[in-house]
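Let me begin by presenting the structure, written as structure tokens, before commenting on it.
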2 protein chains.
Amino acid sequence: MRIGELSERTGTPRRLLRYYEEQGLIVADRAPNGYRDYDESNVDRVMQIRGLLDAGLPTRIIKQILPCLDKPRVIHFADATPEMLATLTHERDRITDRISCLIRNRDAIGEYLEAVSVNRRPEAVPTGS
Amino acid sequence: MRIGELSERTGTPRRLLRYYEEQGLIVADRAPNGYRDYDESNVDRVMQIRGLLDAGLPTRIIKQILPCLDKPRVIHFADATPEMLATLTHERDRITDRISCLIRNRDAIGEYLEAVSVNRRPEAVPTGS
DNA sequence: GTTGACCCTCACATAGATGTGAAGGTTCGA
DNA sequence: TCGAACCTTCACATCTATGTGAGGGTCAAC
């Protein structure tokens, strides 16, 4: 598929698809006329990328994570240098931190919304404190 | 406490503490000489802010979330306009999306690391596919 | 064979979070 | 009273992900 279709199917501006390619996050074949030619797997990959970017990861890190997401993984074990494994471990832990932070805050928002929906103007809310 | 101490205790450059204030995320009293004067609660608040920024939320959104985090909440119910509640609901859902994305990817990294630790150079990995 | 809808590269612009430093006031201890 | 270590504001710089558009090629349909 060409860039327009990928753009539509992923809701991503063409500009960014080219940018992700420049950053080494996706690869595209080229048709004889120079047009980029994407295969089906790029749809999922682009969604992954967007999700991770939105979650605050920079392209530099995403690039290192992406090989983990391909199944079967066999081919990619060549990348598994000790430094790479250390990086991955570290990033995994940082992601875990992010997750707990987000869960905490989401739950706080949830509780707030709950409290508001129960009583638009409460004098006191049982917070346990 | 003054900005230097808050900076040290939160691991945040002074520059950013001033920036967060400018964005309306924190407030500081002023000593007679003009120095910012923070109270204890700002330590936690700054950590919240940094966590959320790191998780990809812009200061504009963080500003709207912060009131949810204060307990007791009683005072803040004044902010609970319908638009605000809609925004919060929406942001909560977006955060939930981010969380699932991060969990998916973290687990994928985990599986990758696991696979590597079991066998540095496997011919085939049981992926279920 | 021209038009319209694609595609290409290149390049400059923007926005948000952050780095850095200048120019200057305050406070405190030697 | 001087210097060190704070603090202030202001302003320009940087990086990353994006927006936008110019200048130009390709191709299918009419």
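All values below come from the heavy atoms of this structure, side chains included, with hydrogens, waters and symmetry mates left out. Convention: sequence-line order gives letters A, B, ...; per-chain numbering from 1.
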Q.
Between B:Glu111 and A:Arg92, does any side-chain N to carboxylate O distance fall below 4.0 Å?
A. no

Q. With sequence neighbours left out, what residues match B:Asp54 under salt bridge (charged side-chain N to carboxylate O under 4.0 Å, His left out)?
A. A:Arg94, A:Arg98

Q) Between A:Gln23 (CD) and D:dT16 (P), how many Å, whole number? A) 8 Å

**Q.** Taking every non-hydrogen atom, the tightest pair across A:Leu57 and A:Leu53
**A.** O-CD2, 3.3 Å

Q. So, B:Arg9 and B:Glu40, do they make that salt bridge, N to O below 4.0 Å?
A. yes

Q) Between atom OH in B:Tyr19 and atom C1' in D:dC10, what is the gap in whole Å? A) 16 Å

Q. To the nearest angstrom, how far is B:Leu16 atom CG from D:dT14 atom C1'?
A. 14 Å

Q: Please confirm whether the backbone N or O of A:Thr12 pairs with a side-chain atom of A:Ser7, one donor and one acceptor, at under 3.5 Å?
A: yes

Q: Determine the minimum heavy-atom distance between A:Ala55 and B:Leu102, stating which atoms define it.
A: CB-CD2, 3.6 Å

Q | Atom-to-atom span, CG of A:Leu57 to P of D:dA17 - whole angstrom | A | 10 Å

Q) Under a criterion of less than 4.0 angstrom to any heavy atom of chain B, what are the 5'-terminal and 3'-terminal contacting nucleotides of DNA chain C? A) C:dG16 to C:dT27

Q.
Using a 4.0 Å heavy-atom cut-off to protein, can you give one letter per nucleotide of nucleotides 4-9 of chain D, 5' to 3': B if the base is in contact, S if only the sugar-phosphate is, - if neither?
A. --BSBB

Q) Does a salt bridge link B:Glu21 with B:Arg36, judged by any charged N lying under 4.0 Å from a carboxylate O? A) yes

Q | Working for side chain to side chain donor-acceptor pair (under 3.5 Å), residues A:Thr10 and A:Arg50 | A | CA-CA 9 Å; A:Thr10 59; A:Arg50 302 223 94 203; over 6 Å; no

